[in-house]
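Because the structure is predicted, anything quoted here is derived from the model rather than measured.
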Amino acid sequence: MIRIRRAICDQLPQLKNVYHALEVPSKKQQLQNARRPTLEWIIPAVAQQDREQNHVELLDSLKNQYHDTEYIENVQIVPNASGRNEAKVEFQLKPQVFVEHLLNPIEPLAHLPYKEHIVVEFSSPNIAKPFHVGHLRSTIIGNVLANLHQYLGYSTTRLNYLGDWGTQFGLMAVGVQLSNVSDEEMKASPIATLYKSYVMANKAAADDPTVAQRARELFSALEAGTDQTMAKQWHQYRQYTIAELKEVYERLGVHFDSYEWESQYSQKQISKVLEQLRSAGLLLPEADGRQIVVVDNRRIPVIKSDGSTLYLARDIAAILDRYKRLDFSRLLYVVDNGQADHFNALFKTVAALDPKLSLEHLKHVKFGRIHGMSTRQGKAIFLRDVLDEAKNVMREKRQLSATTKVNSSLDDDLVCDILGVSAVLVNVLKQRRQRDHEFNWQQALQVNGDTGIKLQYTHCRLYSLLDNFKHISLEEVKPSWQHFIQEPIEALEVVYELARFEQSVWQSKEQLEACILVNYLFGLCNATSRALKRLPIKQETCTQKQTQRLLLFRAAKQTLSKGMELLGLKPLNQM
């Protein structure tokens, strides 16, 4: 479909930016169009303010327009019906060419690259606290958004900005000393060890004020750069932390282009930024010694009375630094709803400070919280515990299932892990991101419902079918529109579902909603399952029907696989 979309856009330049806005009509409309393939462009409401004039202009521009007769049979304007339906432009495609490009493309095409550079900051755990399930939503939503942008041709950078600064890290350093933690212990389990040290120091500080004072002194020395031994040790802890995080991210199908740290923007490093704020009249002194910015009539602290910087100061410095280093077109922060006020203050302060950075460049991608996610013992603190629990539950379900076959070639532990992770990811991603979400193990691990297990099961089923007929070479088989319109309606339903893939990816990116792509894949699985029942291959004696159906199911598998990969899933061939 990429080639057909390009042909339309290349020859209709007056219809700007419609490449991804071209949609496959609904099933009802297809039946009204005698099931013939069509792409349509719904004229945006903003372009319909003067509908009569717009229709005349479009008709005039299209009247004598040359259309690529290789792909397009006819183009027509469908006016809005008394305000009930939006006006649209219909591109009626040549059916045979349509099905050829959909089921057996001449060559794989990539999307044309966009000039925009999109930076996505996501996950961003705090190394003084466990990488818990609260980070899960940021991690997997951010990963999908980065995948979508990259697939669509945007230059994309994935940032993980880890919290490693502030007074709490002085407490953690004290806890490490009090616990006599060895380098071997730290290397073996850095996140859990640092968290235990932090908890221990907190308890000690409650009983002994000198512990808190010691923590402040340690952090001040770290911030001032006067304790080189501490700084070296701190750097080592961070490297251990990244190594452990990468193991979890690998299971989630996540990777980052850059790991960055809050400590990069300590007071020493951002003195110039603070001076910029003062010079611009944005950083104002308070009577108690604090320094603040005013946003929406709210007085928001940037520097504490003791002169140390707060989180807002470091985030301002980070944006300016990233814009200088990365020259981004848009910076997406995938962070929960609770940080809305912080990002409002951050974005408006930066926009007031630097005229090159408007609010259009900066976006807070909000999401709700996950409730009820823990192990069956209710002890989950770390995300790793939840993923291990999912793997163990899947192992039990497979052992109890009557349809599970013994296969010595399968890595059972890996398969169970992939299935468990798929269940967790899809159960979260299928929700609208701003809604709070109640996690339920039973629902997440169902095969029949709309779950990650269903996506994996359908992919395995298609792989098995194609593998059983791998002796049939499909490379020289030409898809036939005439064949598919004579098949049961389930065949064309799969064809049109396949045609909707590109628009679902674009809409998912535009709305920053992974659930749009997830729901598309559920629809593709459902249509494919119905077709597998109505379009048998093994029992079919007609060779043409066999090969045409195999082409259809091969395309379904390829599309499902690509969609799953965009979600961060690892498609299984056997389960």
Side-chain angles (χ1 to χ4, degrees), residues 1-48 50-106 109 111-112 478-487 489 491-507 548 551-552 555:
M1 291 296 289
I2 291 177
R3 199 181 300 274
I4 294 174
R5 287 173 182 271
R6 282 189 191 172
I8 291 172
C9 295
D10 288 346
Q11 295 175 11
L12 296 172
Q14 66 270 46
L15 300 184
K16 296 179 181 179
N17 302 319
V18 300
Y19 177 86
H20 286 291
L22 294 167
E23 297 186 13
V24 177
S26 67
K27 186 187 296 186
K28 180 179 178 182
Q29 289 174 284
Q30 290 162 15
L31 292 173
Q32 291 172 348
N33 293 336
R35 303 180 185 174
R36 295 180 70 79
T38 303
L39 283 174
E40 60 184 25
W41 177 57
I42 308 297
I43 301 174
V46 69
Q48 295 191 55
D50 188 348
R51 288 189 169 104
E52 292 299 322
Q53 182 179 349
N54 278 327
H55 291 170
V56 170
E57 289 176 358
L58 276 172
L59 283 169
D60 286 344
S61 68
L62 295 172
K63 191 179 299 179
N64 300 313
Q65 178 74 50
Y66 167 75
H67 305 299
D68 193 326
T69 54
E70 181 182 351
Y71 302 106
I72 303 167
E73 281 191 344
N74 188 32
V75 178
Q76 64 179 14
I77 302 290
V78 180
N80 65 305
S82 304
R84 290 195 301 271
N85 299 308
E86 292 178 307
K88 60 185 177 183
V89 183
E90 282 188 352
F91 302 91
Q92 295 170 357
L93 307 179
K94 288 196 168 181
Q96 179 57 31
V97 175
F98 165 75
V99 78
E100 284 178 20
H101 280 273
L102 200 59
L103 301 187
N104 202 8
I106 300 169
L109 285 180
H111 291 284
L112 292 173
K478 187 176 182 180
S480 167
W481 175 260
Q482 198 61 37
H483 164 80
F484 285 111
I485 60 173
Q486 294 172 356
E487 286 272 42
I489 189 62
L492 276 186
E493 286 180 359
V494 174
V495 168
Y496 282 117
E497 281 297 329
L498 294 172
R500 287 192 184 91
F501 176 68
E502 296 295 334
Q503 77 188 52
S504 75
V505 170
W506 177 257
Q507 289 166 358
Q548 291 294 316
L551 283 178
L552 181 67

Checklist entry - Which is it for L552 and F484 under the side-chain contact (heavy atoms from CB on, under 4.5 Å) test, yes or no, and what are the steps along the way? => result CA-CA 10 Å; L552 181 67; F484 285 111; 4.1 Å; yes

Checklist entry - So how far is it from L93 CG to N74 CG, rounded to the nearest 0.5 Å? => result 11.0 Å

Item to check | Spatial distance of atom SG (C9) from atom CH2 (W41) [nearest 0.5 Å] | outcome: 10.5 Å

Checklist outcome for this item: On a heavy-atom basis, the closest approach of P37 and P95 is CG-CA, 3.6 Å

Checklist outcome for this item: Applying side chain to side chain contact (heavy atoms under 4.5 Å, CB included) to Q482 and not counting sequence neighbours gives S480, I485, Q486

Checklist entry - What heavy-atom pair brings Y19 and I2 nearest, and what distance separates the two atoms? => result OH-CG2, 3.1 Å

Checklist entry - From I42 CD1 over to L22 CG, what is the distance, rounded to the nearest 0.5 angstrom? => result 10.0 Å

Checklist outcome for this item: Here the gap from T38 atom OG1 to Y496 atom OH, rounded to the nearest 0.5 Å, amounts to 6.5 Å

Checklist entry - How would you list, by chain and number, every residue that makes a side chain to side chain donor-acceptor pair (under 3.5 Å) with E493, sequence neighbours excluded? => result K27

Next on the checklist: How long is the straight-line distance from NE2 of H483 back to CD of Q548, given to the nearest 0.5 Å?
Outcome noted: 5.0 Å

Next on the checklist: Using the side chain to side chain contact (heavy atoms under 4.5 Å, CB included) criterion, which residues pair with A555? Sequence neighbours excluded.
Outcome noted: L103, L498

Item to check | Partners passing salt bridge (charged side-chain N to carboxylate O under 4.0 Å, His left out) against E23 (at least two apart in sequence or in another chain) | outcome: none

Next on the checklist: Pairing donors with acceptors under 3.5 angstrom, does anything connect the side chains of Q92 and E73?
Outcome noted: no

Item to check | Taking every non-hydrogen atom, the tightest pair across L551 and K478 | outcome: CD1-C, 4.3 Å

Checklist entry - Do Q96 side-chain atoms and P479 backbone N/O form a donor-acceptor pair below 3.5 Å? => result yes

Item to check | Closest contact, heavy atoms only, W481 versus V99 | outcome: N-CG1, 3.7 Å

Next on the checklist: Over 60° means perpendicular and under 30° means parallel, so tell me whether W506 and H20 are parallel, tilted or perpendicular.
Outcome noted: parallel

Checklist outcome for this item: With sequence neighbours left out, the residues meeting side chain to side chain donor-acceptor pair (under 3.5 Å) with E497 are R500

Checklist entry - In Å, rounded to the nearest 0.5 Å, how long is the span from NZ of K88 to CG of L39? => result 12.0 Å

Checklist entry - Can you name the side chain to side chain contact (heavy atoms under 4.5 Å, CB included) partners of V97, sequence neighbours left out? => result Y71, K94, H101

Item to check | Which atom of Q503 lies closest to which atom of V24, heavy atoms considered | outcome: OE1-N, 2.7 Å

